[in-house]
Amino acid sequence: METTADSKVQWDEMEDRELVKYAQAGEREAFGELVRRHRSKVYGYARAITRESYLAEDVVQDALIRAFMHLGKLVDVERFLPWVHRIVRNQAYTRLRGSSAVKEQTFTELEGVGRADGTGGSDNWGNLDSILGRLNRSANEASAGSSVPEERILQQETLRVLTGIIQCLKPRERLIFESHFFDQLSPQEIANLFQLSSANVYQIISRSRKKVIQEKIRITVDSYIKTRRDLGIMKKKILPYEGSLKETKTWTSAADATYKMLQFTDRKLSLPMVMGLTGHAFRINIIPNNVHIAGPTAYFFGEVLSRGLHNIGFHSKFVDGMSDGIGPNTNLLDPALMEKGAMSKCSIHQELPRALDLIHSSLDRGYPVLAWDIFFPEFGTLYGYDDETRTLYAEECGRVDTLPYENLGRSVMEDLFVLVIEGSVDITLRQQLRLALETAVEQYEGKESVVPTAVKGIAAYDAWLESLQGRQIEPNGHAYNIEVLRDARYYAAEFFKELITAWPQENGEEPELTGLFEEANMLYAGMCERFNVLHQMFPFPVGGEPNLEDQSTKAITLVQDIKALEIKAVAKLKEIYVKLTK
């Protein structure tokens, strides 16, 4: 089979069987298209077996190399994907048999049992029906002789672990639980068997499920600590987190935590540079109607924060255990709900085992960890741990305290998010600024992902104006939004002021850029002046009277003025970007 420069086909329009034939004939591009088309599926299959992302990636790389080398042995070109899956499976089990990871799979394997794609996630153990369904399918395959030995071992181990975990249930709860999950009896059948109402059965099953999930997480954490002890890595690690690191200089707590993390790297940037390069200096999210306090952080943390670090030149890794929705304004809740004692009444977070693993690895490398909702719903840093006492050392918005391992993710919001620096790349200030401007413009144009209830970018000003006109604003949350935005625009102005000084030293051939930086600085300084007036009218935490007619009318004028300046600023950012790309 031959191709020429004039007759080459479009690989992406071919069916698999055609691509296989071309690849067997030596067309590397055809095989490349097969890889592009199916790599995510192959990776998902490898991840389902190994339960470990890095190991799965290695398995896929090895498997694809083997597939390319032995593609000529594939007789049935219609079965390319199943053939590759078989290679992946063999490679994965070979890796696992030769790795100590096999011996420690008992609990980590269970993280992915509940999903068909094996990717794990916070809802797996919340869906015990899926777990038992998978075990039943494995049992049926085993009885039919089609299950491989490793799958039968996993099935037996999962059943053994689950049976041990349900010992946490009371005798009657366990009987009902086993009748439902193991014997597959319906709630009505169980009700007849135990002379209960169907409503009672549903209640017992629901309560038992929660107990089992919590017991599983507790056992997983215990096992994790035991493994560290067995490996001789139980220790206490506290980074030198002193002085100004324990102070807060910005209302954007994500930027504050990022700044403090960077002080332990070779890029100790100033706070204005962190605010500008990560995009925090330019963000605005408004939750309509009441201008909720959650607006400034109503975005997807993993996507936004990792991109911000990427703009600076760092790779990152995170564990995301955030709940849906925005929750209540915790400033308006009973203070007792925010105390340490209240945490014991909350469930242990399902993502805690993975989070602890990430925290340990980062701190052992000498980097603090960015974390959400340590003591209250803001960002802070974890700068130390003590395995013996199971204690984390943390700072959040100036509050320095310790936290038991199991209480991470157990504050009033029951959210958990941790992010760590994984590595760096060489990057110039020019490259950093281009990435930062791309981020900022996308935010302004509403392209950044945010929580569905929030309005983002320039459009957020219209949502804010409508809220002021509707006069249903919650004063505390409204005042908090003003503080965050006032602070952000202050640092936007400072960011460009710092660029004016830094740029000629690195790019002396383009002095005209400093003129654009000066213009941007003036625009953001003008916004800050108007935000200062709004701050005086609606001071945090009291919030003033934003729903009174005279206050609302004055605020509307100020917000309209800020919006006009913001639109001019966006145009200026685009102009700078164009200059940078020439």
Side-chain angles (χ1 to χ4, degrees), residues 1 3 8-99 101-102 105 108-109 111-124 130 134 148 150-151 154 300 302-303 306-307 309-310 314-320 354 358 419 422-423 425 449:
M1 185 174 296
T3 60
K8 271 190 177 179
V9 292
Q10 295 296 318
W11 303 116
D12 59 356
E13 295 179 0
M14 283 188 175
E15 295 184 2
D16 282 4
R17 64 175 181 273
E18 296 177 280
L19 289 169
V20 171
K21 290 178 181 178
Y22 274 109
Q24 288 176 327
E27 288 286 352
R28 290 176 176 267
E29 293 181 6
F31 187 77
E33 172 60 23
L34 286 168
V35 171
R36 186 200 65 76
R37 188 175 295 180
H38 297 298
R39 198 180 197 288
S40 62
K41 297 176 185 176
V42 172
Y43 173 79
Y45 186 64
R47 179 69 175 79
I49 298 172
T50 63
R51 313 299 176 197
E52 209 285 312
S53 58
Y54 293 115
L55 182 56
E57 189 62 44
D58 289 342
V59 166
V60 170
Q61 291 288 353
D62 290 346
L64 291 176
I65 292 172
R66 287 175 178 270
F68 182 75
M69 293 175 62
H70 300 287
L71 191 60
K73 297 180 181 180
L74 176 60
V75 178
D76 187 353
V77 295
E78 299 280 356
R79 293 188 56 76
F80 171 76
L81 191 56
W83 178 70
V84 173
H85 275 179
R86 187 163 63 251
I87 297 174
V88 169
R89 185 182 65 191
N90 291 340
Q91 285 296 106
Y93 286 136
T94 297
R95 286 293 194 100
L96 290 173
R97 277 195 294 270
S99 169
V102 174
Q105 282 180 339
T108 55
E109 286 284 6
E111 295 294 337
V113 167
R115 279 188 187 170
D117 63 3
T119 56
S122 61
D123 63 338
N124 291 335
S130 294
R134 176 163 172 164
V148 296
E150 290 85 353
E151 290 174 344
L154 176 58
F300 295 110
E303 175 185 335
S306 59
R307 182 176 185 179
L309 280 168
H310 172 73
F314 286 101
H315 300 302
S316 59
K317 187 176 182 180
F318 58 86
V319 171
D320 189 342
R354 290 204 305 136
L358 200 61
L419 178 144
E422 281 287 290
V425 296
S449 299

Report the distance from atom [atom1] of [X] to atom [atom2] of [Y], rounding to the nearest 0.5 Å.
| X | Y | atom1 | atom2 | result |
| --- | --- | --- | --- | --- |
| Leu19 | Glu29 | CG | CD | 11.0 Å |
| His85 | Lys41 | NE2 | NZ | 8.0 Å |
| Leu34 | Leu64 | CG | CG | 10.0 Å |
| Leu309 | Glu422 | CG | CD | 11.0 Å |
| Asp320 | Glu303 | CG | CD | 11.0 Å |
| Glu57 | Arg39 | CD | CZ | 4.0 Å |

Inset, instruction - Check side-chain contact (heavy atoms from CB on, under 4.5 Å) between Glu13 and all other residues, then give those that pass, not counting sequence neighbours. - result: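 Here the qualifying residues are Gln10.
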
Legend entry - Arg79 atom CZ, neighbour heavy-atom count above 12 within 6.0 Å: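 Atom CZ in Arg79 is not crowded, with 12 or fewer foreign heavy atoms closer than 6.0 Å.
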
Legend entry - Arg66 CZ: over 12 foreign heavy atoms closer than 6.0 Å: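 Check fails, neighbour count at 12 or below.
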
Legend entry - Minimum heavy-atom distance between Val20 and Leu71, given as atom pair plus value: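 Scanning both residues completely, I find the closest heavy atoms to be O-CD2, 4.2 Å.
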
Legend entry - salt_bridge(Glu33, Arg36) N-O dist < 4.0 Å: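 Yes.
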
Inset, instruction - Fit a plane to each ring of His38 and Phe80, take the angle between them on a 0 to 90° scale, and name the class: parallel (under 30°), tilted (30 to 60°) or perpendicular (over 60°). - result: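 Correct class here is tilted.
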
Inset, instruction - Taking Glu78 for its side chain and Arg17 for its backbone only, find out whether a donor-acceptor pair lies under 3.5 Å. - result: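 Not at all, since once roles are kept as given, no pair shorter than 3.5 Å links the two residues.
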
